[in-house]
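Report on one structure; see the data block that follows.
Labels below follow one simple rule: chain letters A, B, ... track the order of the sequence lines, proteins then strands, and each chain is numbered from 1.
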There are 2 protein chains.
Amino acid sequence: MKKGDATRTTILDRATTLARTVGLEGLTIGQLATALELSKSGLFAHFGSKEALQIAVIEHARDRFVSEVIAPALKVSRGTPRLRALVDRWMKWGEDACVFVQLSAELDDRPGPARDAVAATIRDWMDALATAAKIAVDEGHLRADTDPKQLAFELYGVMLAYHTVGRLLGDPKGAARARRAIDALLARAA
Amino acid sequence: MKKGDATRTTILDRATTLARTVGLEGLTIGQLATALELSKSGLFAHFGSKEALQIAVIEHARDRFVSEVIAPALKVSRGTPRLRALVDRWMKWGEDACVFVQLSAELDDRPGPARDAVAATIRDWMDALATAAKIAVDEGHLRADTDPKQLAFELYGVMLAYHTVGRLLGDPKGAARARRAIDALLARAA
DNA sequence: GCCACAATAGTACGGTCGTTCTATTCGCGC
DNA sequence: GCGCGAATAGAACGACCGTACTATTGTGGC
């Protein structure tokens, strides 16, 4: 019961990376198998259907996202530092944050379990931002009349713009712009 | 030389709508043909290759985007009103603004002419925002130390967050949040 | 009204897709 | 170290993909 899980993880890692460029629907069992030097049927047996593979990819990416972005940031001290840590980790760690931007856009008009899984992840992410913002208010780091959910919304918007400007337009100034925007949002609420 | 162009437009209209849900790569000549009650080969003859069809779709969507969002907004009086008109029209007219969010995410990691066409459109869009912002500064509607490109970046971020929250999460509060965010950005710069 | 040519349909092909079934190899408990 | 089940491979399937070729239909200029 060991070997199977190991290759399964290997498959999902590669699939996640691949999905970032070809999308979830563009993912192909044949390509994925040859990329990993596995047989198509051997790979297929791990999941049983393409839809199951897709959902496994989403959940795998979610797990990595939680353990590499959210969890570490939650160890930072309460209030504004933690809020900043969330944003910083999202921006630095393109790897899997990116795949969720891709998945959000790909699935937002395609109801089904895959879309639900992505939506749940994004919802959790915005909740994490909002909760951190609320704590910052409670700690007195941010003004009492700050709406935590509104702030989370605006912060996430900056991250999305950063993603588009950086990835699609290839503008190196994106990071600096994002930083300025984040600073302005937090300064305004301080 | 008339009939051909008419069906070509019909094809591209439907293709654009379809691409919003299945993506540009998910677009299929067979499905598109049956959806329009055309023969596969008859449709194919209009474009000659799938890549040509994809680029035609992008350019068609860009034309509609320009004529339905940008051009009307440019008729609004210079300064902040025009800037607001750009943002408002983007948000109201989901139809084709959405397809560019989809295309941005789908193509941002896939170099080629399709990606270039999308990138050029987004660049033009952000330039339109920045130019309108600059005019607003010149007119005295916004503070002299406002960075027009930075403001365009932040405005676009709000639109992207609005798109994600509304489409993927189905949160009806997205529009109100976006409006508040836009108001705050403009108030801060006024 | 005819005719040249644009526009569309029909058919076929090689390739790849997801999936199934059967066979082979591997790894671990006894 | 043997045996059994888990893990992987192999071959085959029908379906649909993009594309090429040929045939048919429609249509605007004379």
Side-chain angles (χ1 to χ4, degrees), chain A residues 1-60 103 106-107 110-115 117, chain B residues 1-60 103 106-107 110-115 117:
Chain A
M1 195 96 66
K2 203 82 135 301
K3 182 87 185 313
D5 287 1
T7 56
R8 197 185 139 100
T9 300
T10 307
I11 292 170
L12 290 176
D13 273 333
R14 182 64 140 261
T16 305
T17 310
L18 217 51
R20 216 180 53 205
T21 81
V22 300
L24 201 60
E25 201 64 35
L27 252 183
T28 264
I29 296 176
Q31 287 175 213
L32 192 52
T34 50
L36 291 162
E37 291 176 319
L38 285 177
S39 72
K40 214 168 75 161
S41 55
L43 191 153
F44 183 85
H46 281 273
F47 305 97
S49 78
K50 185 176 181 184
E51 196 185 17
L53 165 66
Q54 292 176 327
I55 292 177
V57 168
I58 296 170
E59 290 176 346
H60 184 70
L103 293 177
E106 180 178 357
L107 297 171
R110 239 146 62 192
R115 172 189 148 145
Chain B
M1 196 97 64
K2 204 82 137 302
K3 182 88 184 313
D5 287 1
T7 56
R8 196 185 139 101
T9 301
T10 307
I11 293 170
L12 290 176
D13 274 333
R14 184 63 140 262
T16 304
T17 310
L18 217 52
R20 217 181 51 207
T21 81
V22 301
L24 201 61
E25 202 63 34
L27 214 57
T28 263
I29 295 176
Q31 287 175 214
L32 192 53
T34 51
L36 291 163
E37 291 176 319
L38 286 178
S39 71
K40 215 169 76 161
S41 54
L43 191 154
F44 182 84
H46 280 273
F47 305 98
S49 78
K50 185 177 181 183
E51 196 185 16
L53 166 66
Q54 292 176 326
I55 291 176
V57 168
I58 295 171
E59 289 176 347
H60 184 70
L103 293 177
E106 180 178 357
L107 297 171
R110 242 153 52 197
R115 172 188 148 147

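- Side-chain N/O atoms of H46(A) include one lying less than 4.0 angstrom from OP1 or OP2 on dT8(D).
- A straight line from CZ of F47(B) to P of dT8(C) spans 11 Å, rounded to a whole angstrom.
- Residue pairs satisfying the salt bridge (Lys or Arg N to Asp or Glu O under 4.0 Å) criterion with at least one member in residues 45-56 of chain A, sequence neighbours excluded, are absent.
- R14(B) pairs by the side chain to side chain donor-acceptor pair (under 3.5 Å) definition with nothing, not counting sequence neighbours.
- Distance D5(A) CG to dC28(C) P: 12 Å, rounded to the nearest Å.
- With L24(A) as the partner, the side chain to side chain contact (heavy atoms under 4.5 Å, CB included) test is satisfied by one option alone out of R110(A), E106(A), R115(A): E106(A).
- Within the 4.0 angstrom heavy-atom criterion, only backbone atoms of the sugar-phosphate kind lie near L38(B); the bases stay farther away.
- A close approach under 4.0 Å does not occur between any side-chain nitrogen or oxygen of T7(B) and OP1 or OP2 of dA7(C).
- Partners of A56(A) under the side chain to side chain contact (heavy atoms under 4.5 Å, CB included) rule, at least two apart in sequence or in another chain, are R8(A), L12(A), F47(A).
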Donor-acceptor contacts under 3.5 Å from residues 35-42 of chain B side chains, at least two apart:
| residue | atom | partner | partner atom | Å |
| --- | --- | --- | --- | --- |
| S39(B) | OG | G42(B) | N | 2.9 |

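- Applying the side chain to side chain contact (heavy atoms under 4.5 Å, CB included) test to T28(A) and every residue at least two apart in sequence or in another chain returns Q31(A).
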For nucleotides 11-17 of chain C, tabulate all protein N/O to nucleotide N/O atom pairs closer than 3.5 Å, reporting atom names and distance.
none

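- Atom CZ of F44(B) and atom C1' of dG18(D) are 6 Å apart (whole Å).
- Rounded to an integer number of Å, the gap from R8(A) CZ to dA6(D) P is 16 Å.
- Atom-to-atom, CG of L53(A) to P of dT19(C) comes out at 10 Å; the value is rounded to the nearest Å.
- Note: CG (L36(B)) to C1' (dT8(C)) measures 13 Å, nearest angstrom.
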